[in-house]
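Everything below concerns the one structure shown next.
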Amino acid sequence: MNIQAAITIYKFEMARFRRTIFQSLVAPIITTSLYFVVFGAAIGSKIETINGVSYGSFIVPGLIMLYLMTESINNAAFGIYFPKFVGSIFEVLSAPVSSLEATIGYVGAAASKSTIIGLMIFLTSNLFVTHDIKYPLVMAIFIILTAITFSLFGFIIGIWAQNWEKLSIIPTLLVTPLVFLGGSFYSIDMLPDFWQKVSLLNPVFYLISGFRWSFFGTSEIPIALSIVAILSFMAICLAVIAIIFKTGYRLRT
Amino acid sequence: MKSQISIENVSKVFGRHKALNNVSLEIKEGEIFALLGPNGAGKTTLISAICGLCRQSSGNIKVNNFDTLTHYKETRNQIGLVPQELPLDGFESVYNSCQFSRGLFGLKDSRDHIEKILKTLSLFDKRDEQIFGLSGGMKRRLLIAKALAHEPKILFLDEPTAGVDVSLRRDIWRLIEDQKKMGVTIILTTHYIEEAEQLADRVGIINSGEIILVKEKTALMSEFSKKTTFIRLSKKLKNPSFMKKNKKISLTENGMTLKLVGINNKSNELQSIVNMLSQNGIAFTEINTVDNSLEDIFLDLVETQ
C-alpha cells in the first residue's frame, strides 16, 4: 500500500487549512458565540430546562454537530473539487495511488479539519455555559464517526459537482435544513405529534440525538439507533465512493 | 533496444467519436520518440491512456511488461507526465508542489533531489514563492520539475514548449537531451516539427486516431526526402511550353523563379532543365537547392492520408 501517498495528500490538504486558518477557525467561533448570545442568553432565558438540562447547555451538542457536518462536507467537497477545477487532479490520477489511499488522504484531512473546528466550538461553548460530559469516550467516537462519514459524503459531492453552484447546492439546500430541523436547537418533544413523526425521517436527528446522549445521558431515541444510523450512512458513502473509483465517474474519461 | 511500452490494438471511443482507432505501437527503452499529429489527432488521448488518465475502450497497454489496467501501480511508478495545459494549484509554493508530486509516488521528501531539479530548471530562486506569482514559462518548467520529482524511467512531454520563448525552448531541449543521457525514455508530442527534427530518435505520425507511420527519424528523412530547387530568372516568364511536359516544374514569384520539386540527381535531371533553359534563351542568375524538412514530410503524409 502506498501509505506515503495518503500522507502526502493529507499533509497537502492540511497545509491548505493552515493557510486559511483565520477563515477556518475564527469565523465558526464568532458565529457560535452569536448563537449562544441569541439562542442561549436571549431566547434561552425564556425557556425552562429541557430534560433537566439548561437551554444553553442543551444546544451545545447541536451546534457542534451543525459545524461538524457542514464543515466536513465543505472541506472534503472543496478538497477534491478544487484540483478537478484547476486540472491538477491529473497528478493524483496518474500516480500509483489507489482509490483507498486517495480517499484516506482527502477524507482524513477533511475530517481532521472539521474535528478541530468542532473542538474549538466545544471550547468556545465553555465560555458561555458550564457542562459536564457524561460519556466523553462516546462523544469522541461520535465526533470522529460524524466527521469521517460527512467528509465521505462531501467527497462524493466534490467528485459529482461540475461547477461551483453544484458544489454548494447540496450542503445549502439539503444538509443545513436537515441539521436545523434535526433538533439542533430544540427537543422534538417540543414539536406537535405530526412534526415529531416527520423528524424521525430526518437521518441527522439520530446523530444529534446520539451525540446529545453522550453529553447528558438522555436522548429522544436509544443510543444504539444513533450508532446504527451513522454507521449505515458511512457504509452507503463508502459503497458510492468504491463505485466512483471503479467506474472512474467524473474523474477519468 | 528492448521495448519499454507496448501498445496493442488500442481504441478509445468517446460517444460516437473514435479518438483512437486500433493503435499499435512500441516505444523502445532510452529513446526519444516524437509523436506528431494535427490537433485532435489523438496524441493526448494516447498519452492519457498510457498514464492512466483515461481508460482505453479496447486493447492492451504494457509498460515494461506490466499491464496499465491490472498493474497500474507498477506502470505509473515508472512514468512522469508533463501535461499540455498548466494545471497547477496556484496557492502552493514551488518547493511544496514538487514535494507533493514526489510523495504521491510513495517517496519521502528529498530536499537534495528537488533542489537539484529546481536549479536545473532555473526555479531554485522561486522555490518558496506561490505558483500564482510565476510567469507562464516558469509554470511550464515547474510542471517538468514536478514530473521529474520521482525520478521516472519514462517521461511523457505533451507539447512541452507550447507558448514558451525561444530561449526557454532551447533550455527545455537541453533538459530533454540530458534526461535521455541518464537513460530516461522520452515520449514527446509537439506541434513544432523542428523540435522533433532536433530531438527525436524515432517519429510516429498519428492522424484521426490512427498511427500512419513510425520510423527512425533519419530513415524517414531519407526515404521521404525531396529536394526543391529554385532557379532565379533574369526576366519574367509566362507559361513556357517546356513546363507543360514536366509536372515537377512550376513558376513562382510572378514568373521570376522556376520551382523544381523532387528533382532526381542521379538522372541529371537538373542538368537537363538547365540545358533546356539555355536552348530556349532563358537566362538565370541563381540556383538554390533545399532539402525538405520533417515538417514537409509530415504535411505530405497527413494531407495524402
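Every chain is numbered from 1, with letters handed out A, B, ... down the list of sequences.
In this structure, A:Asn2 and B:Lys73 approach most closely via the heavy-atom pair N-NZ, 3.6 Å. The minimum heavy-atom distance between A:Arg19 and B:Phe91, with the atom names listed, is NH2-CB, 3.6 Å.
Within a 6.0 Å radius of NZ in B:Lys116, other residues, nucleotides and ligands contribute 12 heavy atoms or fewer. Counting heavy atoms of neighbouring residues, nucleotides and ligands inside a 6.0 Å radius, atom CG of B:Asn65 does not exceed 12 of them. Heavy-atom neighbours of B:Lys153 NZ from other residues, nucleotides or ligands within 6.0 Å: at or below the threshold of 12.
In this structure, B:Glu92 CD and A:Arg16 CZ are separated by 8.0 Å, a value rounded to the nearest 0.5 Å. Rounding to the nearest 0.5 Å places CG of A:Leu93 at 10.5 Å from OG of B:Ser48.
Interface with chain A: from residues 100-113 of chain B, residues B:Phe100, B:Ser101, B:Gly103, B:Leu104, B:Phe105, B:Gly106, B:Leu107, B:Lys108 qualify, criterion being any non-hydrogen pair under 4.5 Å. Taking 4.5 Å as the heavy-atom cut-off, the residues of residues 128-146 of chain B that approach chain A are B:Gln130, B:Leu143, B:Lys146, ordered by number. Residues of residues 143-164 of chain A placed with any heavy atom under 4.5 Å of a heavy atom in chain B are absent; none qualify.
Contacts of B:Glu74 with chain A are absent, with no heavy-atom separation under 4.5 Å from either backbone or side chain. Residue A:Phe85 does not touch chain B at all, counting heavy-atom pairs closer than 4.5 Å. Neither the backbone nor the side chain of A:Thr20 comes within less than 4.5 Å of any heavy atom in chain B.
When side chains are defined from C-beta on, B:Asn77 counts as touching A:Pro96, because their heavy atoms get closer than 4.5 Å.
A donor-acceptor contact shorter than 3.5 Å links the side chain of B:Arg76 to the backbone of A:Ala95.
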Please assess B:Phe156 against A:Ser94 for the test side-chain contact (heavy atoms from CB on, under 4.5 Å), listing each intermediate value before the final yes or no. CA-CA 11 Å; B:Phe156 281 89; A:Ser94 62; over 6 Å; no
Under the side-chain contact (heavy atoms from CB on, under 4.5 Å) rule, what do A:Phe12 and B:Asp89 come out as? Steps first, then yes or no, please. CA-CA 11 Å; A:Phe12 192 81; B:Asp89 182 343; 3.6 Å; yes
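When the side-chain contact (heavy atoms from CB on, under 4.5 Å) test is applied to B:Asn39, the partners found at least two apart in sequence or on another chain are B:His191.
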